[in-house]
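Every number for a ligand or one of its atoms is a count from 1 in the order of the listing.
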Amino acid sequence: MIQIYETDSPEETFNLAKELGEKAILGEIICLDGDLGVGKTVFTQGFAAGLGITEPVTSPTFTILEEHTEGRMPLYHFDVYRIADIDEMDEIGYEDCFFGIGVCLVEWAVYIKEIIPKEAIWVKIEKDLKKGFDHRKITITKE
Ligand code: ADP
Ligand code: MG
């Protein structure tokens, strides 16, 4: 199933993701795809808000994984931009997150495609400068 959304501000992207966070189910893995600065972290922040997380959510660039346990279920926020080798995912125990008791959000998931389960939801965020600097096309693909 493919759903396409268009947003024209960070708030709109936040709110779209918040709705998805409110509806999120246990075991969900959301893969965020899109260039630097396109809005993957904004999306994550909205999703986290939808789960009931109020603490700040930033890109865990230097740690790969940031865990938020404050919401109605744990959120495992990965940013694998700086991953050098897939073994690093084993070292941080990603399987306990992917197949655990929460939901996962993975920024730059294309870098670890070989370990992403086929049931994962892909969220592709793209700019279209012809439609304005803050315009984003958000394509959500589920199996
Ligand atoms: P990424 O995590 O993909 O590198 P960020 O979420 O950190 O990107 O940053 C996205 C930037 O784009 C923010 O500065 C945000 O304010 C801005 N922005 C502008 N328009 C939008 C939009 N429609 N949706 C999301 N972010 C937007
Ligand atoms: Mg980011």
Side-chain angles (χ1 to χ4, degrees), residues 1-25 27-98 100 102-143:
M1 186 176 71
I2 297 181
Q3 290 162 299
I4 298 175
Y5 300 90
E6 298 196 39
T7 68
D8 287 289
S9 67
E11 293 75 24
E12 269 185 65
T13 298
F14 183 98
N15 287 330
L16 168 67
K18 188 177 172 197
E19 277 180 39
L20 298 173
E22 284 163 0
K23 288 186 269 183
I25 55 166
E28 218 164 72
I29 299 172
I30 298 185
C31 297
L32 293 165
D33 186 15
D35 295 336
L36 201 65
V38 82
K40 298 181 294 300
T41 298
V42 169
F43 185 97
T44 303
Q45 289 163 341
F47 193 89
L51 285 172
I53 294 161
T54 56
E55 66 185 347
V57 174
T58 53
S59 258
T61 301
F62 296 101
T63 52
I64 299 183
L65 171 62
E66 208 69 67
E67 204 176 321
H68 300 276
T69 53
E70 195 195 341
R72 67 182 164 87
M73 59 184 146
L75 171 66
Y76 304 107
H77 178 202
F78 295 81
D79 186 325
V80 299
Y81 185 61
R82 281 170 210 277
I83 206 159
D85 193 286
I86 199 79
D87 290 345
E88 287 177 45
M89 290 299 286
D90 290 319
E91 283 158 26
I92 61 168
Y94 84 94
E95 282 182 312
D96 292 339
C97 304
F98 276 23
V103 289
C104 295
L105 253 147
V106 189
E107 298 193 43
W108 295 102
V110 283
Y111 289 164
I112 57 162
K113 224 170 181 168
E114 61 259 56
I115 59 165
I116 300 290
K118 63 172 180 19
E119 299 79 17
I121 298 165
W122 283 82
V123 175
K124 188 175 177 63
I125 311 178
E126 296 165 287
K127 290 187 186 180
D128 184 347
L129 293 176
K130 292 195 295 295
K131 294 185 177 175
F133 190 69
D134 291 344
H135 185 88
R136 303 289 189 271
K137 180 182 176 192
I138 302 175
T139 307
I140 302 180
T141 309
K142 293 179 205 173
E143 213 188 21

Take the angle between the ring planes of Phe98 and Tyr94 and call it parallel below 30°, perpendicular above 60°, tilted in between.
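Ring orientation, 0 to 90° scale: perpendicular.
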
Rounded to the nearest 10 degrees, what's the angle OG1 of Thr41 makes with OE1 of Glu107 at the Mg ion (ligand 2)? Could you check?
90°

Taking 4.0 angstrom as the limit and counting only heavy atoms of [X], give me the atoms of ligand 1 inside it, by number and element.
X      : result
Glu107 : 2 (O)
Asp35  : 3 (O)
Leu36  : 4 (O)

I'd like to know if the side chain of [X] pairs up with that of [Y] as donor and acceptor (distance under 3.5 Å, no hydrogens or angles considered).
X      : Y     : answer
His135 : Asp8  : yes
Thr54  : Glu70 : yes
His68  : Glu55 : yes

For Glu12, is there an ion pair with Arg136 - N to carboxylate O distance below 4.0 angstrom?
no

Hey, does the Lys NZ or Arg CZ of Lys113 hover above the aromatic six-ring of Trp122, less than 6.0 Å from the centre and inside 45° of the axis?
yes

What protein heavy atom lies closest to [atom]? Include the residue and the distance to one decimal.
atom                    : result
atom 11 (C) of ligand 1 : Gly37 O, 3.5 Å
atom 7 (O) of ligand 1  : Thr41 CB, 3.6 Å
atom 16 (O) of ligand 1 : Pro10 CG, 3.3 Å
atom 18 (N) of ligand 1 : Arg136 NH2, 3.3 Å
atom 23 (N) of ligand 1 : Asp134 O, 2.7 Å
atom 24 (N) of ligand 1 : Thr13 OG1, 2.6 Å
atom 8 (O) of ligand 1  : Gly39 N, 3.2 Å

Less than 4.5 Å apart, any side-chain heavy atom of Val123 and any of Cys31?
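No, side chains not in contact.
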
Where's the contact between Val42 and ligand 1, heavy-atom distance under 4.0 Å: side chain, backbone, both or neither?
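For Val42, backbone and side-chain atoms both sit under 4.0 Å from ligand 1.
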
Counting only heavy atoms from other residues, nucleotides and ligands, does the tally under 6.0 Å from NZ of Lys127 exceed 12?
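Atom NZ in Lys127 is crowded, with more than 12 foreign heavy atoms closer than 6.0 Å.
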
How close do Ile125 and Val38 get, counting heavy atoms only, and between which atoms?
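Shortest heavy-atom separation between Ile125 and Val38 comes out as O-CG2, 3.5 Å.
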
Any protein heavy atom sitting closer than 4.0 Å to atom 14 (O) of ligand 1?
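Within 4.0 Å: no protein heavy atom nearby.
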
